[in-house]
Amino acid sequence: MNQPVRVRFAPSPTGYLHVGGARTALFNWLYARHHGGKFVLRIEDTDQARNTVEAVQVIYDGLRWLGLDWDEGPDAGGENGPYFQSQREAIYLRYFEQLRAAGHVYDDGGAWRFRFRREVVELDDLICGKVAFDFANVEIMPDMTVRRPDGSWIFHFVNVVDDLEMGITHVIRGEDHLSNTPKHLQLFAALGATPPRYGHIPLILNKDGSKMSKRDQGASVASYMEGGYAPEAVRNYLCLLGWSPKDDREKMEISEVMERFDLANINRKSAQFDLDKCNWLNAQYLAHMPVERYAELARPFLEKAGIATPSGPELHAVLALVQEKVKFLTDVPEWVRYFFTDEYEYDAEAADKTLRKPGAMDRLEQLATAYGAVETWEATALETRLKEAATSIPCKPAEFIHPARVAVSGRSVGPSLYHMLEVLGKERVLARFARTVERFR
RNA sequence: GACCCUAUCGUCCAGUGGUUAGGACACCGCCCUUUCACGGCGGUGACACGGGUUCGAAUCCCGUUAGGGUCGCCA
């Protein structure tokens with residue numbers, strides 16, 4: 001009875017990966033990892049019309065991005081392949097013949113229909129509990145088609161055959177399949193096989209409670225990949241949608257989720273996707289992850305923005321400055337561009353408000369003189385010098401701080417001034433001060 | 001329409017017969033602060049409704065309502 005757990009994620013390649021599907025994959029993966037079982041990826045590509053290699057790639061990319069690795073499936077191999085339904089024709093034919101020989105299917109105008117047993121079918125769902133469906137009424141529950149006149153197969157049939165053939169022990173899928181399950185149970189019975197256990201997880205809805213469809217914001221995993229999210233943050237958020245560790249924890253290591261995950265405490269009600277909270281969690285992750293990881297995640301966005309960045313400590317020093325301020329990785333380029341080029345623009349509003357303010361250039365020259373004498377170019381010394389300069393005028397430190405910030409970065413917002421100056425280096429800072437004075441004097 | 005699932009702050013998640021109904025996001029104040037953020041403190045805000053059961057119900061039962069799902073020669 002205690003056979004090893006085998007679960008699967010069986011998407012059809014539609015060209016995008018829905019967050020709901022991603023969460024289904026995540027829960028399957030967590031269940032497998034928790035029980036030391038296998039996670040199988042099966043591509044349900046029976047619909048030849050919209051089946052393309054690109055569409056399959058989108059699924060791989062999304063799953064890999066979320067860190068969900070599969071033990072069997074395309075690219076991973078396994079003893080239960082092929083893992084594309086389009087390549088399993090012989091298997092389906094064999095099971096179909098079995099059904100036909102036993103009289104479970106009949107020809108209906110060229111299509112083949114499966115004859116339901118007209119009785120009550122009880123399902124003991126791992127999440128929903130016991131649910132009974134009555135097949136007694138033929139009118140409302142007609143026999144189902146399993147094969148079209150052209151010989152192609154219907155979802156219910158191939159899905160069941162594959163789960164059987166692949167030795168799937170637990171089917172964890174969306175609640176939209178709950179009502180389909182008794183049909184699948186009948187198919188298993190007709191095939192003389194023991195069905196897997198089923199667990200139906202609630203669906204993900206939009207913030208307004210409507211069904212989340214392809215076009216809705218945040219519906220596709222790709223939107224997070226492109227939108228500058230840390231994959232661990234999105235994955236964490238998805239874990240919390242319908243499942244909870246039962247304490248007040250929000251940010252959790254995936255290893256801990258893996259340990260504590262269980263189907264028994266998955267919520268029964270559908271959850272609305274709260275992008276705000278997902279964004280908050282993303283910011284939490286970005287702010288607190290090791291700078292090496294941050295750099296790894298930020299690099300593609302830097303490259304895309306055409307910013308030639310150094311690698312290693314030099315880049316890390318810059319990123320560490322802005323790490324806790326940036327909400328999305330897509331924003332990193334604009335926050336650090338001036339560290340890697342002298343060709344930065346002065347923000348028009350910042351220039352008007354700060355650089356063209358009466359006396360601003362005098363302050364900048366005074367600060368340049370003070371800084372020119374600094375020998376140990378590091379933040380605390382720079383802060384001390386600036387405050388001394390302010391006292392000697394006297395004026396508020398802000399009178400120096402704001403012009404200095406805009407002078408070296410072109411922006412009115414940025415990291416801590418002194419740390420920013422330290423990373424920029426004495427030579428560049430003084431040169432930018434001089435250039436700014438020349439231009440705005 | 002029939003059948004199935006569900007029902008705690010706007011949202012997510014705790015709470016499984018006795019709690020001032022808790023936490024998080026968002027929102028609003030205050031503090032911190034060179035900008036922007038972070039952070040800290042505080043606040044607004046919920047048991048869908050109606051019947052039962054019980055000394056006592058957010059918690060158990062029934063009904064109503066609402067939301068979601070399924071009823072394809074889609075997956």
Side-chain angles (χ1 to χ4, degrees), chain A residues 10-14 21 44-47 49-51 85 108-113 123 125 127-129 131-135 137 139-142 144-156 158-159 173-183 200 202-211 237 240-251 265 267-281 283-284 287-288 322-327 335 350 353-354 383 386-387 390 396-406 409 411-418 420:
Chain A
S12 61
T14 58
E44 305 215 330
D45 58 345
T46 55
D47 189 348
R50 57 181 178 182
N51 172 28
Q85 287 190 331
D108 179 20
W112 289 87
R113 299 178 85 90
L123 162 67
D125 193 272
I127 298 167
C128 303
V131 188
F133 297 83
D134 191 358
F135 283 75
N137 192 333
E139 299 297 314
I140 60 173
M141 191 52 75
M144 71 173 165
T145 306
V146 293
R147 192 180 197 190
R148 302 186 188 87
D150 69 358
S152 60
W153 310 99
I154 297 297
F155 159 75
H156 302 288
V158 291
N159 189 265
R173 55 177 20 169
E175 194 192 86
D176 49 338
H177 285 300
L178 184 61
S179 301
N180 287 155
T181 305
K183 302 173 189 172
H200 289 89
L203 271 18
I204 295 181
L205 273 28
N206 282 315
K207 182 79 193 241
D208 66 1
S210 63
K211 187 178 178 179
Y237 179 73
L240 263 23
L241 214 48
W243 176 84
S244 125
K246 299 297 178 192
D247 52 30
D248 292 332
R249 309 275 303 291
E250 303 282 343
K251 190 181 172 199
N265 48 30
N267 254 126
R268 283 303 315 125
K269 65 174 177 185
S270 47
Q272 299 183 28
F273 197 96
D274 186 352
L275 198 55
D276 281 332
K277 187 156 185 176
C278 184
N279 291 347
W280 168 77
L281 203 50
Q284 290 293 313
H288 302 299
V322 303
Q323 191 178 343
E324 63 177 28
K325 298 182 178 285
V326 178
K327 302 293 187 194
W335 277 78
K353 218 175 133 187
T354 308
E383 179 170 2
L386 185 144
K387 286 181 174 165
K396 288 181 181 172
E399 296 289 316
F400 284 100
I401 290 169
H402 296 304
R405 172 186 300 290
V406 179
S409 71
R411 294 161 49 95
S412 58
V413 299
S416 154
L417 177 70
Y418 312 112
M420 171 167 65

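Within every chain, numbering begins at 1; the chains are lettered A, B, ... in the order of the sequence lines, protein sequences first and strands thereafter.
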Taking only N/O atoms, report every protein-nucleotides 38-47 of chain B pair under 3.5 Å with atom names and distance.
residue	atom	partner	partner atom	Å
rG39(B)	OP1	Gln284(A)	NE2	3.2

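- Base pairing of rG1(B) is made with rC71(B), judged by Watson-Crick or G-U wobble geometry with both donor-acceptor distances under 3.5 Å.
- Shown here are the ring pair (Phe, Tyr, Trp, His ring centres under 6.0 Å) partners of His156(A), two or more places apart in sequence or in another chain: His184(A).
- For Asp125(A), the side chain to side chain donor-acceptor pair (under 3.5 Å) partners two or more places apart in sequence, or in a different chain, are His200(A).
- When the side-chain nitrogen and oxygen atoms of Thr145(A) are compared with OP1 and OP2 of rC73(B), one or more of them lie within a distance under 4.0 Å.
- For Phe400(A), there are no ring pair (Phe, Tyr, Trp, His ring centres under 6.0 Å) partners, not counting sequence neighbours.
- For Asn267(A), no side-chain nitrogen or oxygen approaches OP1 or OP2 of rC12(B) to under 4.0 Å.
- For rC38(B), the base is syn relative to its sugar; the glycosidic angle is within 90° of 0.
- Comparing the P positions of rC32(B) and rG40(B) gives a spacing of 16 Å, expressed to the nearest Å.
- In this model, the phosphate group of rA14(B) is not approached by any side-chain N or O of Arg249(A) to a distance below 4.0 Å at OP1 or OP2.
- Comparing rU20(B) with rG45(B), their C1' atoms sit 16 Å apart, to the nearest whole Å.
- Nucleotides rG22(B) and rG43(B) have their P atoms positioned 11 Å apart, rounded to a whole Å.
- Judged as a side chain to side chain contact (heavy atoms under 4.5 Å, CB included), and not counting sequence neighbours, the contacts of Glu399(A) are Lys357(A), Arg363(A), Cys395(A), Lys396(A).
- Residue Arg268(A) places none of its side-chain N or O atoms closer than 4.0 Å to OP1 or OP2 of rU16(B).
- A donor-acceptor pair is defined here as one N or O able to donate and one able to accept, closer than 3.5 Å; no such pair exists between the side chain of Thr145(A) and the backbone of Arg147(A).
- Checking rG50(B) for Watson-Crick or G-U wobble geometry (two distances, each under 3.5 Å) identifies rC62(B) as its partner.
- In terms of the side chain to side chain donor-acceptor pair (under 3.5 Å) criterion, Asp176(A) has no residue partners (sequence neighbours excluded).
- Comparing rC61(B) with rC25(B), their C1' atoms are spaced 36 Å from each other, to the whole Å.
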Would you list the protein and nucleotides 32-35 of chain B atom pairs, both N or O, that sit under 3.5 Å from each other?
residue	atom	partner	partner atom	Å
rU34(B)	O2'	His402(A)	NE2	3.2
rU34(B)	O2	Arg405(A)	NH2	2.7
rU34(B)	O4	Ser416(A)	OG	3.3
rU35(B)	O2'	Ser412(A)	O	3.2
rU35(B)	O2	Gly414(A)	N	2.8
rU35(B)	O2	Gly414(A)	O	3.2
rU35(B)	N3	Arg405(A)	NH2	3.3
rU35(B)	N3	Gly414(A)	O	2.7

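- If you take atom P in rC41(B) and the same atom in rC47(B), they sit 27 Å apart, rounded to whole Å.
- Of all non-hydrogen atoms in Gly414(A) and Trp335(A), the two that sit nearest each other are CA-CZ3, 3.8 Å.
- Counting heavy atoms from C-beta outward, Leu386(A) and Leu417(A) have side chains that approach closer than 4.5 Å.
- Mapping Trp335(A) and Ala271(A) onto RNA chain B by nearest heavy atom places Ala271(A) closer to the 5' end of the strand.
- On the C1' atoms, rU70(B) is 14 Å away from rA75(B), given to the nearest whole Å.
- Remark: C1' of rC25(B) and CZ of Phe273(A) are 12 Å apart, rounded to the nearest angstrom.
- Side chain of Lys269(A), nearest nucleotide from rG22(B), rU6(B), rC71(B): rU6(B).
- Here rG15(B) presents its P atom at 4 Å from NZ of Lys246(A), a figure rounded to the nearest Å.
- Distance, Asp248(A) CG to rC25(B) P: 11 Å, rounded to whole Å.
- Take Lys277(A) and apply the side chain to side chain donor-acceptor pair (under 3.5 Å) test, not counting sequence neighbours, and it matches Glu250(A).
- Judged by distance alone, with hydrogens and angles left aside, the side-chain atoms of Arg405(A) form no donor-acceptor pair with the main-chain N or O of Ser416(A) at under 3.5 Å.
- Between the CH2 atom of Trp243(A) and the P atom of rA14(B) there is a distance of 10 Å, given to the nearest Å.
- At the heavy-atom level, Glu250(A) lies under 4.0 Å from base atoms of the strands shown.
- Looking at Tyr237(A), its side chain never comes within 3.5 Å of a backbone N or O of Asn279(A) through a donor-acceptor pair.
- Annotation: rU6(B) and rA58(B) have their C1' atoms spaced 16 Å apart (nearest Å).
- Tyr237(A) places its OH atom 12 Å from the P atom of rA26(B), with the value rounded to the nearest Å.
- Every residue was checked against the side chain to side chain contact (heavy atoms under 4.5 Å, CB included) condition with Asn267(A), not counting sequence neighbours, and none meets it.
- Rounded to whole Å, the P atom of rC28(B) lies 39 Å from the corresponding atom of rU65(B).
- One can find a donor-acceptor pair under 3.5 Å joining the base of rA24(B) and the side-chain atoms of Lys277(A).
- Under the rule for a side chain to side chain donor-acceptor pair (under 3.5 Å), the partners of Trp153(A) that lie at least two apart in sequence or sit in another chain are Glu89(A).
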Please produce a list of atom pairs where a protein N or O lies less than 3.5 Å from an N or O of nucleotides 64-70 of chain B.
residue	atom	partner	partner atom	Å
rG69(B)	N2	Ser179(A)	OG	3.4

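- Between Gln272(A) atom CD and rC9(B) atom C1' the separation is 13 Å, expressed in whole Å.
- Shown here, rU19(B) forms no base pair; nothing in the strands shown gives a Watson-Crick or G-U wobble contact with both key distances under 3.5 Å.
- Gly110(A) comes within contact range of no nucleotide atom at all, as no heavy-atom separation falls under 4.0 Å.
- Tyr418(A) meets the ring pair (Phe, Tyr, Trp, His ring centres under 6.0 Å) test with no other residue; sequence neighbours excluded.
- In this structure, the CD1 atom of Ile140(A) is 5 Å from the C1' atom of rA2(B), given to the nearest Å.
- The partner of rG42(B), taking Watson-Crick or G-U wobble pairs whose two distances both stay under 3.5 Å, is rC28(B).
- The CG-C1' distance, from Leu240(A) to rG23(B), rounds to 12 Å in whole Å.
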